[in-house]
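Reckoned from all heavy atoms, side chains included, excluding hydrogens, waters and symmetry mates. Just so you know, ligand 1 is whichever comes first in the structure, and atom 1 is the first atom listed for that ligand.
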Amino acid sequence: MKVGVDNSKLHGELYAPPSKSYTHRAITIGSLSHQSTIHRPLLSADTEATIRACEMFGANIEKKNNKLEINGIDGAPHVPEDVIDVENSGTTLRFMTALATLTDGVTVLTGDRSVRTRPNGPLLEVLQNLGVDVFSTRNNGRAPLVVKGGLKGAITKIDGSISSQFVSALLIACPLTNNSTTLSIKGELKSKPYVDITTEIIEKAGCEIFVDKNHNTKFIIPAKQKYDLKEYTVPGDFSSASYLLAAAAMTGSKVTVKNLFPSKQGDVKIIDILEQMGANIHWDKDKGDVSVNGGDLNGITVDLGASPDLFPTIAVLGTVAKGTTVIRNAEHVRYKETDRIHAMANELQKMGIKVKEEKDRLTVNGGNLKKANVYGWHDHRIVMALTIAGLIAGDTTVDTAESVFISYPNFFEDMRKIGANIKIVNE
Ligand SMILES: O=C(O)C1=C[C@@H](OP(=O)(O)O)[C@@H](O)[C@H](O)C1
Ligand SMILES: C=C(OP(=O)(O)O)C(=O)O
């Protein structure tokens with residue numbers, strides 16, 4: 001799908017969609033419980049992939065007006081009858097690999113072309129240390145994966161520099177084994193807040209994980225625990241909200257995004273970043289309202305070690321900011337649906353912006369965004385970020401726009417509701 005975007009001034013209020021990360025975890029841990037109800041889940045292509053996979057492991061998941069009723073598998077996933085296809089969802093691939101280690105058979109997991117480029121080497125290495133036979137036919141543990149059950153607790157280590165999803169996956173599976181596990185992190189744990197989200201839901205479901213609070217480099221996971229999630233309500237998504245808030249700041253508009261209460265989500269950082277850049281922004285934490293009313297934006301240096309998904313949003317903010325914006329500590333952003341550092345550098349140059357791409361960072365020089373026909377790289381976050389750039393550039397088209405279904409199916413409708421000039425050029 002291609003969308004056309006024109007200059008727009010925005011106004012009004014919107015509800016942030018439900019969090020993708022919390023929804024994945026609630027479905028997974030709800031499925032490992034006896035019975036659970038998930039209220040206000042995100043229903044998107046990625047979370048549907050998790051629903052389908054959990055059903056293949058034996059859970060029964062029914063969608064009923066804005067909730068999921070789960071009849072779970074009590075900590076004992078069945079052997080799937082067919083290959084699990086996670087499509088575009090890295091989170092699903094990593095979490096379902098962990099569930100596969102709890103079966104007493106063999107599971108094959110694969111995904112779309114993008115997921116099959118994503119590395120899983122560190123996860124496979126640790127699983128082997130934990131007694132699991134796991135194979136990838138490709139380099140650095142890329143899918144397709146073949147996983148044989150038999151996870152045993154042990155003392156082990158994992159490289160934290162590629163993806164926190166490996167750690168989250170292990171934390172979800174290890175409480176269900178017969179021996180306790182000690183998992184130490186080698187190097188900096190990137191995207192750490194996502195691990196905090198994982199432990200939050202694990203604890204909500206009645207299991208214990210001990211974290212070395214000073215350094216966050218060691219997790220002790222007692223064995224023979226049971227999940228019992230019961231009821232869970234998914235909070236709003238700060239990553240999805242980042243496009244709406246950034247769009248309001250860039251276009252000098254007044255917009256309020258609701259359903260944004262204080263959260264463990266690392267992408268809460270968008271509020272501080274916008275404030276530091278000079279946006280007029282106010283967060284009413286009790287009401288869950290974040291209001292932006294334009295502002296003169298200045299370039300800043302941002303460390304995205306903990307919040308990689310903000311990368312495309314901040315790159316676009318940098319285009320309209322005075323001076324340079326440096327987005328650093330972002331090498332792991334290269335291992336997403338696409339190499340997002342490269343993709344954004346490429347597309348922003350088409351829009352007349354000077355950028356400098358380096359291994360772990362992007363420098364964006366503020367300038368005049370020019371109209372262009374840009375490519376969305378089949379990546380939801382690239383598409384949403386380029387769309388908001390189009391609000392300033394005008395007369396811009398964004399291709400592969402259907403990929404917003406991955407995390408924010410109503411993105412274009414929501415943007416139109418607040419006045420964005422967006423039309424579908426072709427389906
Ligand atoms: O666990 C999660 O829900 C996620 C973790 C992050 O990935 P990495 O840990 O691979 O950086 C993030 O980029 C992704 O969108 C969602
Ligand atoms: C990287 C993302 O998700 P996943 O890793 O689940 O594909 C994302 O949503 O930006």
Using modelled atom types only, decide if a donor and an acceptor are shared between the side chain of S242 and the backbone of S239 within a distance under 3.5 Å.
-> yes

Sub-3.5 Å donor-acceptor pair from the side chain of W377 to the main-chain atoms of E337, do we have one?
->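 Judged by distance alone, no pair lies under 3.5 Å.
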
Under 4.0 Å to a heavy atom of [X] - the qualifying atoms of ligand 2, by number:
X: N88; result: 7 (O)
X: G90; result: 4 (P), 5 (O), 6 (O), 7 (O)
X: Q165; result: 4 (P), 5 (O), 6 (O)
X: H380; result: 8 (C), 9 (O), 10 (O)
X: K20; result: 2 (C), 3 (O), 4 (P), 6 (O), 8 (C), 9 (O)
X: T91; result: 4 (P), 5 (O), 6 (O)

Under a strict 4.0 Å criterion on non-hydrogen atoms, which protein residues are in contact with ligand 1?
->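 Residues within 4.0 Å of ligand 1: S21, R25, T91, S163, S164, Q165, S191, Y194, P308, D309, H332, K336.
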
Check this for me: does any side-chain nitrogen of one of [X] and [Y] sit under 4.0 Å from a carboxylate oxygen of the other?
X: K63; Y: E48; result: yes
X: D159; Y: K186; result: no
X: K269; Y: D272; result: no
X: D237; Y: K20; result: no

Pairwise side-chain contact, V383 with T400, heavy-atom cut-off 4.5 Å (strictly under) =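 In short, these two side chains touch, coming nearer than 4.5 Å.
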
With a 4.5 Å limit on heavy-atom distance, are the side chains of Y232 and R25 in contact?
->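 Result no, sub-4.5 Å side-chain heavy-atom pair not found.
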
Heavy-atom contacts under 4.0 Å between I406 and ligand 2: side chain, backbone, both, or neither?
->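 Neither part.
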
For H78, all residues meeting side chain to side chain donor-acceptor pair (under 3.5 Å), sequence neighbours excluded = none

Side chain to side chain donor-acceptor pair (under 3.5 Å) involving R328 - partner list, sequence neighbours excluded | D303

What do you reckon, does V115 put a non-hydrogen atom under 4.0 Å from ligand 2?
-> no

Taken in chain and number order and not counting sequence neighbours, the residues that satisfy ring-ring contact (aromatic ring centres under 6.0 Å, His included) with Y408 are F411

Out of R118, E337, E87, K336, whose heavy atom is nearest to atom 5 (O) of ligand 2?
->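 Selected option, by shortest heavy-atom distance: R118.
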
Protein contact to atom 10 (O) of ligand 2 [nearest heavy atom, distance to 0.1 Å] = R381 NE, 2.6 Å

